[in-house]
Amino acid sequence: MDCLFCSIIKGDIPSSKVYEDDYVYAFKDINPNAKVHVLVVPKTHIDSADCIEESNIEAVSKVMLAIPKVASVCGLSDGYRVITNVGENGGQTVKHIHFHILGGEKLPVKLA
Ligand code: AMP
Ligand code: ZN
């Protein structure tokens, strides 16, 4: 399978790592939308949040557990936003589930 984030996790494509454990990889977004913009992904491939199910919930949970650690590493003590885009209407461009962590400044647009 040809997946950009799987290639990044394998190290075949370079990235700016900010956090890694046995289950999770986090790296700087190449096109940041805030002063801090990091992507947090499971090391196992899951297409999107629409594919979360019992069989992959442990991998998803590990990502959830990593989010506050990534935020701490990035110095986001004043708060941050976590976003996951899903599918066409959600604006998802990379089909490997990922959670955007945005912060480092007061974020402008609030959709939810
Ligand atoms: P989404 O649009 O929610 O699927 O998010 C995909 C994100 O991946 C976008 O914010 C892109 O800027 C980011 N991205 C694409 N290619 C790379 C890359 N090689 N390294 C880091 N981030 C990337
Ligand atoms: Zn993948």
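Counting convention: from 1, in listed order, for ligands and their atoms alike.
For ligand 1, residues of the protein lying within 4.0 angstrom by heavy-atom distance are L4, F5, I8, F27, K28, D29, I30, N31, L39, N85, G91, Q92, T93, V94, H98, H100.
Within the protein, the N, O or S atoms lying under 2.8 Å from the Zn ion (ligand 2) are C3 SG, C6 SG, H45 ND1, H96 ND1.
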Discussion item. Assess the residue pair F5 and L39 against the criterion (side chain to side chain contact (heavy atoms under 4.5 Å, CB included)); give the C-alpha distance rounded to whole Å, side-chain angles, the decisive distance to 0.1 Å, and a yes or no.
Written reply: CA-CA 10 Å; F5 289 172; L39 302 172; 3.7 Å; yes
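Here the options are V63, V40, V41, the test is side-chain contact (heavy atoms from CB on, under 4.5 Å), and the partner is Y25; only V41 passes.
When atom types are taken as modelled, the side chain of K95 and the backbone of Q92 share a donor-acceptor pair closer than 3.5 angstrom. When atom types are taken as modelled, the side chain of S72 and the backbone of P68 share no donor-acceptor pair closer than 3.5 angstrom.
Dense packing is recorded around NZ of K43, with more than 12 heavy atoms of other residues, nucleotides or ligands lying under 6.0 Å away. Within 6.0 Å of CG on D50 lie no more than 12 heavy atoms contributed by other residues, nucleotides or ligands.
Across all non-hydrogen atoms, the minimal contact from P42 to A59 is CB-O, 4.2 Å.
Residues H98 and H96 place their aromatic rings such that the two centres sit no closer than 6.0 Å.
Using a 4.5 Å cut-off on side-chain heavy atoms (C-beta onward), C74 and V38 make contact.
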